[in-house]
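What follows is a single structure, written as structure tokens, with notes after it.
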Amino acid sequence: MKSSFIHRLRGYVLIEVRGRQLEELINRMAVMQMSIWDIHYSAEQQAKMFVTIPDFFRLRPLLKETGSRIRIKERHGLPFWLDKLEKRKFFALGLLGFFIGIYLLSSVVWQIRVEGNETIETEKILQAAEREGIHKLQWKFRLKEPEALSRSLLSQLPGIAWVGVEVRGTHVIIKIVEATIPETPQLLSPRHLVASKNAMVTEIFAEKGKPVVKPNAYVRKGDILISGILGDEAHQQTVVAQGKVKGLVWYKPAVEVPLVWQYKTYTGESKTRSFLVIGSRGVQMSGYGKIPFEQHETLPEQKMLTWRNYTLPIGWLREKIMEVRLEQRQVDPKEASAIGLEQARGQILAAAGKESRILSEKILHEKTESGKVYMEILFEVEESIAVEQPIVP
């Protein structure tokens, strides 16, 4: 029979009994309803058994009557554990202090996070929260109820439709739903559409205003493409010119590509360091000594203790330091030219805009010198060239 929780609470011992009247002793113990279990004979006139502490002290008269002797082999239960703890007062105080520290650390706000805000600054929301007592190192029991905090923050922050405050472990999460304000149409003054750069017009479509140029016409930067002035000199009306104008623009970028490329690889050698994290600080527990690698990369992995829905400010940080080696790859000049051409295409299209497209390209000059390929390329790009210009009376 295994010891029960009550037995562990009261305490029990494993005793070894010797005597000629061993069976008589066990029978009398049963008659007196003593708590004994797991009786087994280890030799002739010798047996071992478990007995509770209160019944152990009732054994003395029976031992004298039967001429038996006992010896305690093992001690178990709460009374013996408390006795050991009393002898180790500093350990007990340290253990008690540890649990008190855990409780205190889990009762303090360590982090405040704002979610859902797009136009309202996070700092402004945090300032309003601090006026309501929500700040780092604040005791959680001193905070108001989440509903009361939500109402107070809602009254302080204009432009917000709803505020929710959630206390999750040692974190306070403020969730924001911003009010949708209808956009006010912008008041536009009369204006022209002019050329943003030198180009040859390929396409022009005027929604409002009067087209001034035609396809295949060459224009310079600042020339009017679609005029916002309608009518003749006697009868004029100004409007906001709107439309789409595309043109051919020529670019001549200079590109250089190295013939030797460097990249890193992992050697497979690594070192691990472990830290005990308390709050925002860490105490190194393993992996002491200098890093044995000249070139390395550190991969951190952090885990914090959780209890139910609470995240405690205590955890474990494991850093894996990987040795890396720089490798070199020789690039063929033809491959370098193709890479440089592709890079130049991407830069040109990014600068020209979404609706742009390259109609033709030509390498004007190419040379290999000092471990690099140098190229000068001519691109012919069709893109939107119209920008607005206010009409000044």
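Just so we're clear, the structure is a prediction, and the values are computed from it rather than from any experiment. Heads up: numbering here begins at 1 and tracks the sequence.
For the pair His192 (side chain) and Gly228 (backbone), a donor-acceptor distance under 3.5 Å is present. Glu178 places a side-chain N or O within 3.5 Å of a backbone atom of Thr119 that can act as its donor or acceptor partner. Between the Lys48 side chain and the Asp38 main chain, no donor and acceptor come within less than 3.5 Å of each other. Judged by distance alone, with hydrogens and angles left aside, the side-chain atoms of Ser68 form no donor-acceptor pair with the main-chain N or O of Leu63 at under 3.5 Å. For the pair Lys140 (side chain) and Ser106 (backbone), a donor-acceptor distance under 3.5 Å is present. With hydrogens and angles disregarded, no donor-acceptor distance shorter than 3.5 Å links the side chain of Asp55 to the backbone of Met34.
Taking CH2 from Trp250 and NZ from Lys197, the interatomic distance works out to 12.5 Å, rounded to the nearest 0.5 Å. Here CG of Leu59 is found 8.0 Å from CE of Met32. Values are rounded to the nearest 0.5 Å. With rounding to the nearest 0.5 Å, the separation of CZ in Arg58 from OG1 in Thr52 is 8.5 Å. The distance from the OG atom of Ser196 to the NZ atom of Lys221 is 8.0 Å, given to the nearest 0.5 Å. The CD1 atom of Ile120 sits 6.0 Å away from the CG atom of Leu157 when rounded to the nearest 0.5 Å. Between Tyr374 atom OH and Thr368 atom OG1 the span is 10.0 Å, to the nearest 0.5 Å.
Within a 6.0 Å sphere centred on CD of Glu121, other residues, nucleotides and ligands contribute 12 heavy atoms or fewer. Crowding of Phe99 atom CZ: a count of heavy atoms from other residues, nucleotides or ligands under 6.0 Å not exceeding 12. The local environment of CH2 in Trp162 is crowded, with over 12 non-hydrogen atoms from other residues, nucleotides or ligands closer than 6.0 Å. The environment of Glu23 atom CD is sparse: at most 12 non-hydrogen atoms of other residues, nucleotides or ligands sit within 6.0 angstrom. More than 12 heavy atoms of other residues, nucleotides or ligands lie within 6.0 Å of NE2 in His40, so this atom counts as buried by the packing criterion. Counted within 6.0 Å of CZ on Phe98, heavy atoms from surrounding residues, nucleotides or ligands total 12 or fewer; the atom is thus considered open.
Between Leu62 and Glu65 there is a side-chain heavy-atom pair separated by less than 4.5 Å. You'll find the side chain of Leu312 stays beyond 4.5 Å of the side chain of Thr170, heavy atoms only. Under the 4.5 Å side-chain criterion, counting only non-hydrogen atoms from C-beta, Trp139 is in contact with Val108. For the pair Arg318/Thr272, a side-chain contact is recorded, criterion being any heavy-atom separation below 4.5 Å from C-beta on. Side-chain contact check for Glu355 versus Lys246: some heavy-atom pair is nearer than 4.5 Å. Side-chain contact between Leu225 and Ile385: present, with at least one pair of heavy atoms (C-beta onward) separated by less than 4.5 Å. With a 4.5 Å cut-off on side-chain heavy atoms, Gln295 and Lys264 do not count as touching. By the 4.5 Å heavy-atom criterion applied to side chains, Ile377 and Ile348 are not counted as neighbours.
The aromatic rings of Tyr12 and Phe50 sit perpendicular, their planes meeting at an angle over 60°, well past the 30° parallel limit.
Leu378 is not connected to Val257 by any chain of hydrophobic side-chain contacts under 4.5 Å among Ile, Leu, Val, Met, Phe, Trp and Tyr, and they are in different clusters. Neither Val212 nor Val239 shares a network with the other; the hydrophobic side chains, linked directly or stepwise wherever heavy atoms of I, L, V, M, F, W or Y lie under 4.5 Å apart, form separate groups for each. Under a hydrophobic clustering in which Ile, Leu, Val, Met, Phe, Trp and Tyr are joined whenever their side-chain heavy atoms come within less than 4.5 Å, directly or via other members, Val260 and Ile339 fall into different clusters. Taking hydrophobic clusters as Ile, Leu, Val, Met, Phe, Trp and Tyr residues chained together by side-chain heavy-atom distances below 4.5 Å, Ile72 shares a cluster with Leu25. Note on Leu143: it clusters hydrophobically with Leu126, by side-chain heavy-atom contacts below 4.5 Å among ILVMFWY residues.
The heavy-atom pair separating Pro292 from Lys271 by the smallest distance is CD-CD, 3.9 Å. When all heavy atoms are compared, the tightest approach of Met49 to Ile36 is SD-CG2, 4.4 Å.
The cationic atom of Lys244 (NZ for Lys, CZ for Arg) does not lie both less than 6.0 Å from the six-membered ring centre of Phe205 and within 45° of the ring axis.
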Which side-chain N or O atoms in residues 328-337 pair as donor and acceptor under 3.5 Å with protein atoms at least two apart or in another chain?
from	atom 1	to	atom 2	distance (Å)
Asp332	OD2	Lys334	N	3.0
Ser337	OG	Pro333	O	2.9
Ser337	OG	Glu366	OE2	2.4

Do any side-chain atoms of residues 129-137 form donor-acceptor pairs under 3.5 angstrom with protein atoms, and if so which ones, sequence neighbours left out?
from	atom 1	to	atom 2	distance (Å)
Arg131	NE	Gln156	OE1	3.0
Arg131	NH2	Gln156	OE1	3.0
Glu132	OE1	Lys144	NZ	3.2
Glu132	OE2	Gln156	NE2	2.6

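Under the 3.5 Å distance criterion, with hydrogens and angles disregarded, a donor-acceptor pair is assigned to the side chains of Thr267 and Glu323. In summary, the side chains of Glu380 and Ser360 do present a donor paired with an acceptor at a separation below 3.5 Å, with no hydrogens or angles considered.
Ion pairing between Lys372 and Glu256 holds under the 4.0 Å rule for side-chain N and carboxylate O. Between Lys320 and Glu301, none of the side-chain N atoms (NZ, or NE/NH1/NH2) sits under 4.0 Å from a carboxylate O, so this pair counts as no salt bridge. Using a 4.0 Å cut-off between charged nitrogen and carboxylate oxygen, Glu24 and Arg28 count as a salt-bridge pair.
The salt bridge (Lys or Arg N to Asp or Glu O under 4.0 Å) search around Arg71 returns Glu16, not counting sequence neighbours. Remark: Arg345 engages Glu342, Glu361 in a salt bridge (Lys or Arg N to Asp or Glu O under 4.0 Å) (not counting sequence neighbours). For Glu327, the salt bridge (Lys or Arg N to Asp or Glu O under 4.0 Å) partners are Arg325, not counting sequence neighbours.
Judged as a side chain to side chain donor-acceptor pair (under 3.5 Å), not a single pair has a partner in residues 209-220 (not counting sequence neighbours).
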